Student: 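Mind looking over this structure? Questions follow.
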Amino acid sequence: MKFKSPRGTHDILPQQVGIFRRVVDTSRRLFERSGYREVVTPMFEENELFARSVGSETDIVQKEMYVFKDRAGRELALRPEGTASVIRSYLQHGLHANMDVQKLYYVGPMFRYDRPSAGRYRQFHQVGIEAIGSLSPYLDVECIAILRDLAKLLGIEEVDVLINSVGCRKCRPGYVEVLKEFLADRYDSLCSDCKTRYRSNPLRVLDCKKDHDLRCRSTIPVPMDYLCEECRHHFDEVRQILDSSGIPYALEPYLVRGLDYYTKTAFELVFKSFGAQNSLGGGGRYDDLVEMLGGSSTPAVGFSAGVERIILALEMIADSESKREEDKQKGRVVDVFFVITDESIRIPAFREMLKVRNILSVDMDFTGKSVKAQFRKADKLGVRFAVIFGTDEMNMGAVKVKDMKSGEEVDVSLEDLCDHLGEMKVE
Ligand code: HAM
């Protein structure tokens with residue numbers, strides 16, 4: 001009998017460990033640079049901890065948890081996320097006593113019995129931070145900034161920050177009433193899951209992937225329009241700080257996230273090239289959770305990011321870069337382009353070009369283009385090297401050779417130009 005890893009799980013093989021470590025090490029460095037300290041919690045907890053914090057009516061708790069009884073009959077669950085465990089640990093060890101704001105981070109495997117697909121696994125890894133003890137909107141922005149910086153540091157540029165406010169226990173019940181009324185009139189058009197959500201947790205209807213029609217064609221009420229004064233003020237402040245910190249974001253009024261503990265700010269970082277499962281990470285404020293788990297009223301905010309999702313994005317970027325390079329090579333018309341910075345240099349440059357053509361394909365501009373436009377043309381021709389004939393260099397009998405791939409420039413004497421280019425590998 002041959003064994004395979006269980007469905008939705010995967011081995012990280014030696015050739016993949018490098019990239020996995022790079023994501024985790026970069027996260028650790030970034031978190032620690034921002035004042036967060038690592039906490040390591042068990043991979044399983046009492047089942048009740050997640051039911052109470054993530055929410056007993058969420059998909060995660062209803063459908064995705066690995067719940068089991070140990071030999072003594074205790075009901076336990078593999079952790080589907082890290083926040084509940086961090087808060088449990090914070091309370092159990094009285095971490096609030098020695099610091100006004102506790103900044104904690106974690107790295108480790110999480111478990112969700114979800115339908116496996118690209119970027120969605122049953123065991124996956126998260127890196128995450130939690131700042132516990134302050135209502136300051138600056139901390140909301142700090143979390144968003146760290147999540148975005150993490151992607152950027154790893155080389156993922158094409159990301160969007162989506163933000164929303166989901167209100168608090170004061171204003172949300174009023175909003176939920178309005179939403180229920182709205183849904184009641186359209187009950188028959190809801191999917192079967194949303195019919196259940198309508199009764200147990202109507203907010204979840206907003207992030208149903210099946211009810212696109214309902215969302216698009218109608219004027220479904222959104223939490224942002226029903227915020228109380230305090231939530232509205234907090235959200236305005238978060239937006240102002242994002243603006244003044246130069247962090248671009250988009251408002252996403254349907255963003256309610258799949259966990260019940262959120263209050264006020266909710267955010268996600270999405271990678272534009274992913275289709276579904278496009279969230280690299282997400283988080284938000286959860287000002288009631290500490291109290292819900294038995295502590296005193298303590299506001300908190302945090303996020304976590306999926307390591308496998310980040311790796312997938314990095315692989316997609318590497319693939320498209322190598323494809324672009326391949327396309328460029330396929331479309332290459334000549335190997336080298338001669339750029340002249342002044343018309344007076346055309347004669348020596350032309351003479352050199354004829355020489356170099358003995359060993360490589362070379363071209364230059366014959367229409368009096370500006371230097372910038374000559375470079376644009378070189379790019380269009382997909383050349384590997386540009387040889388720049390500048391007046392100063394020419395007075396010293398030299399030119400600059402620019403590697404168009406790396407951008408590196410070297411001075412080469414005219415005498416050596418043929419040999420130099422001949423030695424350069426033109427793949
Ligand atoms: P979450 O949105 O459920 O939030 O998960 C965060 C990230 O984990 C997602 O954006 C995604 O990258 C990754 N992820 C989630 N499920 C899977 C899966 N099945 N396979 C692969 N990757 C996955 C939380 O977990 C909250 N605890 C975040 C938080 C921290 N909020 C406040 N503090």
Side-chain angles (χ1 to χ4, degrees), residues 7-10 12 20 23 27 31 36 39 41 45 49-50 53-55 58-61 63-66 78-88 90 102-132 139-140 142-144 146-148 150-151 154 156 159-164 166 204 207 252 255-271 274 276-290 299-314:
R7 187 165 142 76
T9 69
H10 54 272
I12 303 168
F20 186 87
V23 176
S27 309
F31 298 164
Y36 291 77
V39 57
T41 63
E45 300 269 359
L49 173 72
F50 300 115
S53 42
V54 174
T58 54
D59 280 358
I60 294 181
V61 170
K63 302 180 187 168
E64 297 171 10
M65 288 238 288
Y66 284 88
L78 294 184
R79 62 179 181 195
E81 59 108 48
T83 312
S85 302
V86 170
I87 299 300
R88 194 264 313 130
Y90 167 88
Q102 266 292 349
K103 288 177 141 189
L104 302 170
Y105 81 83
Y106 49 94
V107 172
M110 308 290 159
F111 307 86
R112 295 185 192 178
Y113 187 83
D114 203 346
R115 200 161 39 82
S117 60
R120 190 163 61 190
Y121 311 101
R122 291 184 174 169
Q123 177 177 333
F124 57 98
H125 296 78
Q126 281 185 345
V127 293
I129 60 174
E130 314 293 347
I132 312 158
L139 278 176
D140 304 42
E142 174 171 283
C143 288
I144 295 170
I146 292 174
L147 177 56
R148 184 167 167 270
L150 176 60
L154 289 165
I156 309 173
V159 286
D160 280 330
V161 171
L162 308 179
I163 64 164
N164 193 18
V166 295
R204 297 266 77 82
D207 61 6
E252 173 49 76
L255 182 73
V256 286
R257 313 220 349 97
L259 305 98
D260 273 357
Y261 48 60
Y262 291 112
T263 52
K264 296 191 168 69
T265 320
F267 58 87
E268 258 176 31
L269 187 79
V270 298
F271 179 54
F274 282 163
Q277 313 305 325
N278 64 355
S279 160
L280 294 179
R285 200 158 256 297
Y286 50 96
D287 293 337
D288 299 333
L289 185 58
V290 175
V301 58
F303 76 79
S304 56
V307 176
E308 285 79 2
R309 293 262 174 99
I310 291 176
I311 292 175
L312 212 61
L314 290 172

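In each ligand, atom 1 is the first atom listed, and ligand 1 is the first ligand listed. These numbers were taken from a predicted model, which means no experiment stands behind them.
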Student: Do Leu280 and Ile156 have side chains that approach each other closer than 4.5 Å (heavy atoms only, starting at C-beta)?
Tutor: yes
Student: Just by distance, with hydrogens left out, do Tyr106 and Glu130 show a side-chain donor and acceptor under 3.5 Å apart?
Tutor: yes
Student: Between Thr9 and Gln123, is there a side-chain donor-acceptor contact under 3.5 Å, judged purely by atom types and distance?
Tutor: no
Student: Please find out if less than 6.0 Å separates the ring center of Tyr36 from that of Tyr105.
Tutor: no
Student: For atom 10 (O) of ligand 1, which protein heavy atom lies nearest, and how many Å away is it?
Tutor: Ser279 OG, 2.8 Å
Student: Would you sort out whether Glu81 and Ser304 count as a side chain to side chain donor-acceptor pair (under 3.5 Å), showing the intermediate values?
Tutor: CA-CA 9 Å; Glu81 59 108 48; Ser304 56; over 6 Å; no
Student: Is there a donor-acceptor contact under 3.5 Å linking the side chains of Tyr286 and Thr83?
Tutor: no
Student: At a 4.0 Å threshold, what atoms of ligand 1 neighbour a non-hydrogen atom of Tyr106?
Tutor: 30 (C)
Student: Can you list the atoms of ligand 1 that are under 4.0 Å from a heavy atom of Glu81?
Tutor: 25 (O), 26 (C), 27 (N)
Student: How does Phe111 reach ligand 1, by side chain, by backbone, by both or by neither, if only non-hydrogen atoms under 4.0 Å count?
Tutor: neither
Student: Should Gly258 be listed as contacting ligand 1, given a heavy-atom distance under 4.0 Å as the test?
Tutor: no
Student: Got the closest protein heavy atom to atom 2 (O) of ligand 1, with its distance?
Tutor: Arg257 NH2, 2.8 Å
Student: Would a distance-only check, ignoring hydrogens and angles, find a side-chain to backbone donor-acceptor pair under 3.5 Å from Arg122 to Pro116?
Tutor: no
Student: Which residue and non-hydrogen atom of the protein lie closest to atom 29 (C) of ligand 1, and at what distance in Å?
Tutor: Tyr262 OH, 3.4 Å
Student: Specify the protein heavy atom at minimum distance from atom 13 (C) of ligand 1: its residue, its atom name, and the distance to 0.1 Å.
Tutor: Gly306 CA, 3.7 Å
Student: Which residue is it: Asp287, Val290, Leu289? I am looking for the one with a side chain to side chain contact (heavy atoms under 4.5 Å, CB included) to Pro299.
Tutor: Asp287
Student: Out of Phe124, Tyr121, Phe271, who is nearest to atom 17 (C) of ligand 1 when you count heavy atoms only?
Tutor: Phe124
Student: For the OH atom on Tyr113, are there more than 12 heavy atoms of other groups (residues, nucleotides or ligands in this structure) within a distance under 6.0 Å?
Tutor: no
Student: Tell me the nearest of Met110, Glu64, Arg112 to atom 16 (N) of ligand 1, using heavy-atom distances.
Tutor: Arg112
Student: Does Lys103 reach the side chain of Glu142, with side-chain heavy atoms less than 4.5 Å apart?
Tutor: yes
Student: Is Leu259 near ligand 1, meaning one of its heavy atoms is under 4.0 Å from it?
Tutor: yes
Student: Using a strict cut-off of 4.0 Å, indicate which atoms of ligand 1 neighbour a heavy atom of Gly119.
Tutor: 20 (N), 21 (C), 22 (N)
Student: Does one side chain, of Asp140 or Thr265, offer a donor that lies under 3.5 Å from an acceptor on the other?
Tutor: yes
Student: With a cut-off of 4.0 Å, which atoms of ligand 1 are near a heavy atom of Gly281?
Tutor: 10 (O)
Student: What is the nearest protein non-hydrogen atom to atom 33 (N) of ligand 1, stated with its residue, atom name and distance?
Tutor: Glu130 OE1, 2.8 Å
Student: Side chain or backbone of Val301 under 4.0 Å from ligand 1, or both, or neither, by non-hydrogen atoms?
Tutor: neither
Student: Where is the nearest protein heavy atom to atom 5 (O) of ligand 1: which residue, which atom, and how far?
Tutor: Gln126 NE2, 3.2 Å
Student: Quick one: does Ile60's side chain get under 4.5 Å of Leu259's, heavy atoms only?
Tutor: yes
Student: Looking only at protein heavy atoms, which one is nearest to atom 32 (C) of ligand 1, and how far off is it?
Tutor: Gly302 O, 3.3 Å
Student: What is the nearest protein non-hydrogen atom to atom 28 (C) of ligand 1, stated with its residue, atom name and distance?
Tutor: Ser304 OG, 3.1 Å
Student: By number and element, which atoms of ligand 1 are closer than 4.0 Å to a non-hydrogen atom of Gly282?
Tutor: 10 (O), 28 (C), 29 (C)
Student: With a 4.0 Å heavy-atom cut-off (strictly under), which part of Glu308 contacts ligand 1: side chain, backbone, both or neither?
Tutor: neither
Student: Is the contact between Tyr113 and ligand 1 made by the side chain, the backbone, both, or neither, using heavy atoms and a 4.0 Å cut-off?
Tutor: neither
